[in-house]
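Owing to the predicted nature of the structure, the values given are computational and were not obtained by experimental measurement. All ligand and atom numbering here is 1-based and tracks the order in the structure.
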Amino acid sequence: MYMIAVSVILAFWVALAESQAASVSAPQLPIAVKSPYLNSWISFSGDGTSPAGAWAGFWNKAHITAWAGLVRVDGQAYQWIGQGFRGSNTTASYITPTRSIFSYQVGPVRFNTTFLSPIEPSDLTRQSLPFVYLYIDVTSADGKPHSVQFYTDVTGEWISADIGANIEWTTSETSSTLYHRLTLSTPSSMQESGDIAEDGTLYYAIQKRSDMTWQTDDCGVMRGAFETTTSLLNATKDTNFRPIEKNWPGLAMAVDLGSITQTSEPIVWALGLIRDPVVRYIKGNNIETRIPYFRAKYSNDTGVIDAVLANSKDALSRAIALDNQIMSAGESISTKYADLLAVSLRQTMGSLEITLGRTTDGGQANMSDVRVFMKDVGSGRRVNPVETIYAALPALLYLNSSLVRPLLEPLLEYQSSSIYRNSYAAADLGGSFPDALGNNTDTPLLGVENCGSMLIMTFAHAQKSGDGSLITRYYHLLKQWADFLVTNSLHPNGYTTADGLNNPDMSNLAIKGIAGIYAMGKIDEALGKSSTYLTKAQEYITSWEGLAFSSDHITSSYGQSSSWALTYNLYGAKLIGMEISDKVSSSQSDFYVKQAASAPTFGLQYDSNVKNVKSHWSMFTAGTTTNNAARDLFISMVHDRAFFAKAAGPFPTTYDMTSGADNGGAASPAQGAMFSLLALGLPNQRIVVPASSTKKSNAAAIAGGVVGGVCLILITALCFFLWRKRQKQRSRWDYGGSSTVAHVRPAHQTMMPVLEDTGPPVTTPLLHPSINPFSLPELNPTAAQPLYSNTKGASNSGRMVLSPQGQYILNAPSSEFSSTTDNNSLPHAGSAYELRNEVEELRREMAQMRSQRLVDEPPPLYQDDFPASSSVNLARPPMTSTSASASSSLPPPEKSSRVVFN
Ligand SMILES: *[C@@H]1O[C@H](CO)[C@@H](O)[C@H](O)[C@H]1NC(C)=O
Ligand SMILES: *[C@@H]1O[C@H](CO)[C@@H](O)[C@H](O)[C@H]1NC(C)=O
Ligand SMILES: *[C@@H]1O[C@H](CO)[C@@H](O)[C@H](O)[C@H]1NC(C)=O
Ligand SMILES: *[C@@H]1O[C@H](CO)[C@@H](O)[C@H](O)[C@H]1NC(C)=O
Ligand SMILES: *[C@@H]1O[C@H](CO)[C@@H](O)[C@H](O)[C@H]1NC(C)=O
Ligand SMILES: *[C@@H]1O[C@H](CO)[C@@H](O)[C@H](O)[C@H]1NC(C)=O
Ligand SMILES: *[C@@H]1O[C@H](CO)[C@@H](O)[C@H](O)[C@H]1NC(C)=O
């Protein structure tokens, strides 16, 4: 198995070396991006491609996270990551969605270092593991054997922003692994400082091998010794626990390969940063501490480390398969587009904490209580920031639409509780990640923006996953937001965008609100409720076109014909199937092409009133275009900045249109917007609604005596007939056969230029992040939260009860859904289940007819108490299988006939 993986890699690399002529260079590449706090990047010194000569740094560019690597070749030591020694020459660098790979030649020896941050969309346990891998392969360049040793260490900088903080360390082994463990002497639970968690435990581990040695000691001493010796001492030399910066205690390991011509298997290390608990969350009137999802499977960290290393080969194979799938899907649009997918995906996935609640009794992991929390990495500490999730939605839907439910649910859950009192949607769950304690402040300015985003996202999730549970469970909340939009969206005066614009009558904001109303109409349609939201949305679209469109383009503000904007909210509309007139959308695409001709160096700003480009909204706009010329312009403009070698720092969302200067959103999850084009190709699913919460109101009607009973039998028979018919139809929608795509490309990796000579290492001073003038103000983490401030500091005590706050606004039928087994595992679609769905559907159809004809008698309900975990697996194509089918080859969406890319 592993040999296959390796030869596959080799084949890819060879193919690549032959086929990739275009070279690009990124300013900074992710090397360990797996959580908001395990989020380190390598910047390049001097000429821009070698990690030798630079220290890895935290995403915010304000803090070094030292990861040192040395190699001895025939007795001579060189550095391959970090500073201090003569640097190795990098011959190439590659980036894929999950990996950053550097190729070196040092004297007569070549080696590759592969930094893998796994993305595991079909397995929440694996996705939740805060671990990354480093693989090293070696070959002799001249075919002769050479003596080769590798050394690597990490320091305490990974676990605190304060290098004066005291740390402690131990080294342990299991039957298969050796690992170092490092903690703060006094960790501060749920605290972060300078974006860095102050409650993490760092693990640096290796699979045990006879040629390895280890040591914990002063880094300077160990690195220096490696110049003259081939191994470490297998000892904790240094038990003097002290501050991070005091003679820099380091966790080191070395491997002596002896005299070799080639490694048969890579050397593998795993680096992890475990926090437990991970998040505090307000649920109803309680504040609960939540544990990482993987805890359900691994109760202790030793088990985690053993599993991570035992999994290292399969993790690499899966990563290659996923990379292939994504890159070939991207290549079907363009190579530049594929590059953007490669450079962005870890940012999105690395912003998430996947959590479980504890059971009320024993404090064990409760597998039916999955919640995902996103940190607004790059912008601040906001929790589940609505506009950022909205931007990231394409990547999440593309990877696995079922990821979206546990990410939206905390927002919906909080806002349907009695604690939240506003009639419009909140912007987030508060501004102090990892505390998700909500924010009740009455600030309606972003009401249109957030109501629109929440409705679009909630419906898009249902439509792309087929899971109707959110739209059912939070129906009243969603409806309340839709009503808010009916009142406020056509003329959103007094409202602000999440970008910070507050002009009157903004076209782009209005269309988001209208799309929100449309989403509500579609939700009602899916639930079989009659309503006027679709009619209202259509009426508003017609008015909007009249107000927003001026001769050849959509204005930024109604009536101001010289203003313009990237009308990127048409993307959300298009994603859920809302149409505007062809004339308006094609004129607007032509207008973009015209504007781009005189665009500044880094592309079109997102609005004629500003000077910043926003990469995520640019790619949403690419998704709204009606011709490839316009689409490719946006791809190209964003690509210019993403791979602008002279810039410092991770790929930002916001940058100056002329200079490219980073104005915010470095490493932001919002870059998931790069997947905008792929997400438009996702098929719609039939939305399956969980056991209805309208049972009570209908119960009387079913007790209709003999007549009712006879009807029930007849209807059941009819349903069975319909069900059989549906089964036959459905088989046509199975995607099993659709993998007709023999379009399996070799893995694409974006190549960076060959480096001539690294020369002596250059110190790269870390810069402080610049401030985005348009992002929401950075929230003050110490600001008192009046409602919950009494609970501060008691973070470890599990559930805490606040003073009762009264009833839920929405009488959430929580008991109806509590039997949900696993929020993400789709239950087997048994025939009884199907039958129930058919009865439900029929009931809804009849309800609709009734409401039209004003008939009094409601149809019967199917009474079976079916498990409410309610989504049926409608044959989504496997995303991570080894087949690398491109998304663009999926069958067309069920309902929309919109052509995605030509
Ligand atoms: C790096 O490349 C330069 C120029 O090709 C060469 O002189 C130097 O020896 C190389 N360094 C190493 C460590 O191989
Ligand atoms: C999506 O994720 C769930 C678990 O979260 C998994 O059961 C399902 O198989 C995944 N679907 C795909 C297509 O990977
Ligand atoms: C490293 O990658 C290159 C492609 O750049 C490949 O040709 C080479 O065989 C790889 N070397 C090792 C040791 O795996
Ligand atoms: C050092 O320790 C490792 C892990 O226990 C072991 O595999 C290795 O053989 C030891 N090496 C020496 C030289 O003692
Ligand atoms: C840790 O977990 C593993 C399984 O993951 C188990 O076999 C082992 O006994 C546990 N160790 C302790 C100390 O609880
Ligand atoms: C697990 O979580 C679900 C959903 O939040 C809840 O209804 C259920 O009571 C929990 N189970 C236990 C045993 O606490
Ligand atoms: C709540 O939101 C408001 C408006 O965005 C903001 O001004 C305030 O600082 C937030 N408070 C907290 C505690 O996050």
Side-chain angles (χ1 to χ4, degrees), residues 47 50 52 71-74 76-80 85-91 104-111 119-128 141 293 318 322 325 354 367 370 372 376 380-383 385-386 396-407 422 426-433 435-447 449-450 464-467 496 498 682 685 735 754-761 775-789 821-827 869 871 873-881 887:
D47 40 43
S50 178
V71 61
R72 283 174 101 238
V73 175
D74 297 332
Q76 181 80 44
Y78 306 88
Q79 189 118 32
W80 44 271
F85 292 78
R86 187 169 161 202
S88 313
N89 288 344
T90 322
T91 52
Y104 304 84
Q105 174 149 6
V106 176
V109 165
R110 293 201 181 104
F111 63 96
I119 291 172
E120 302 270 10
S122 59
D123 186 329
L124 290 183
T125 300
R126 289 183 180 135
Q127 183 59 46
S128 72
Y293 189 93
R318 279 195 305 274
L322 180 67
Q325 180 205 324
I354 300 171
M367 292 296 285
V370 188
V372 177
D376 201 8
R381 293 180 65 181
R382 292 169 58 219
V383 187
V386 170
L396 299 171
L397 290 176
Y398 176 80
L399 282 176
N400 185 337
S401 52
S402 77
L403 283 168
V404 175
R405 169 168 147 183
L407 181 60
N422 302 325
D428 50 52
L429 282 171
S432 319
F433 197 96
D435 275 343
L437 302 183
N439 184 345
N440 214 4
T441 312
D442 186 7
T443 47
L445 287 183
L446 290 164
E449 173 89 46
N450 293 322
K464 301 303 177 189
S465 69
D467 173 357
T496 308
L682 295 171
Q685 308 289 350
Y735 299 121
V754 171
L755 175 66
E756 296 305 331
D757 182 10
T758 54
S775 69
L776 290 174
E778 176 92 27
L779 300 168
N780 179 359
T782 56
Q785 296 178 309
L787 190 51
Y788 320 119
S789 53
T821 49
D822 177 342
N823 280 349
N824 294 282
S825 70
L826 305 173
S869 61
S871 40
N873 192 348
L874 285 181
R876 273 291 303 279
M879 299 305 244
T880 53
S881 76
S887 137

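Atoms of ligand 1 lying under 4.0 Å from at least one heavy atom of N89, given by number and element, are 1 (C), 2 (O), 3 (C), 8 (C), 10 (C), 11 (N), 12 (C), 14 (O). Counting the atoms of ligand 7 from 1 in the order shown, those under 4.0 Å from a heavy atom of G431 are 14 (O). Each of the following atoms of ligand 2 lies closer than 4.0 Å to a heavy atom of L124: 5 (O). Taking a cut-off of under 4.0 Å to the non-hydrogen atoms of P121, the atoms of ligand 2 that pass are 1 (C), 2 (O). Close approach of ligand 1 to G107 is summarised as follows: ligand atoms under 4.0 Å from at least one heavy atom of the residue are 14 (O).
When heavy-atom distances to ligand 2 are checked against a 4.0 Å cut-off, S402 comes that close only through its side chain, counted from C-beta outward.
In this structure, S88 and V71 have side chains that are in contact, with non-hydrogen atoms separated by less than 4.5 Å.
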Subject >> Derivation and outcome, side-chain contact (heavy atoms from CB on, under 4.5 Å), residues D428 and N450 >> reply: CA-CA 9 Å; D428 50 52; N450 293 322; over 6 Å; no
**OP:** Please report the C-alpha distance between S465 and V404 in whole Å, then the side-chain angles of each, then the deciding distance to 0.1 Å, and finally whether the side-chain contact (heavy atoms from CB on, under 4.5 Å) criterion is met.
**Re:** CA-CA 9 Å; S465 69; V404 175; over 6 Å; no
**OP:** Applying side-chain contact (heavy atoms from CB on, under 4.5 Å), run through R110 and T91 and close with a yes or a no.
**Re:** CA-CA 9 Å; R110 293 201 181 104; T91 52; 5.9 Å; no
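Listed by chain and residue number, N439, T443 satisfy the side chain to side chain contact (heavy atoms under 4.5 Å, CB included) test with T441 (two or more places apart in sequence, or in another chain). In terms of the side-chain hydrogen bond (donor to acceptor under 3.5 Å, both in side chains) criterion, Q76 has no residue partners (sequence neighbours excluded).
Between Y104 and F111, the two ring planes are parallel [angle under 30°; tilted spans 30° to 60°].
Using a 4.0 angstrom heavy-atom cutoff, S88 does not count as in contact with ligand 1.
In terms of polar-atom proximity, T443 is not counted as a contact of ligand 7, lacking any N or O under 3.5 Å from an N or O of the ligand.
When the heavy-atom distances from atom 11 (N) of ligand 2 to N400, L403, L399, I354 are ranked, the shortest goes to N400.
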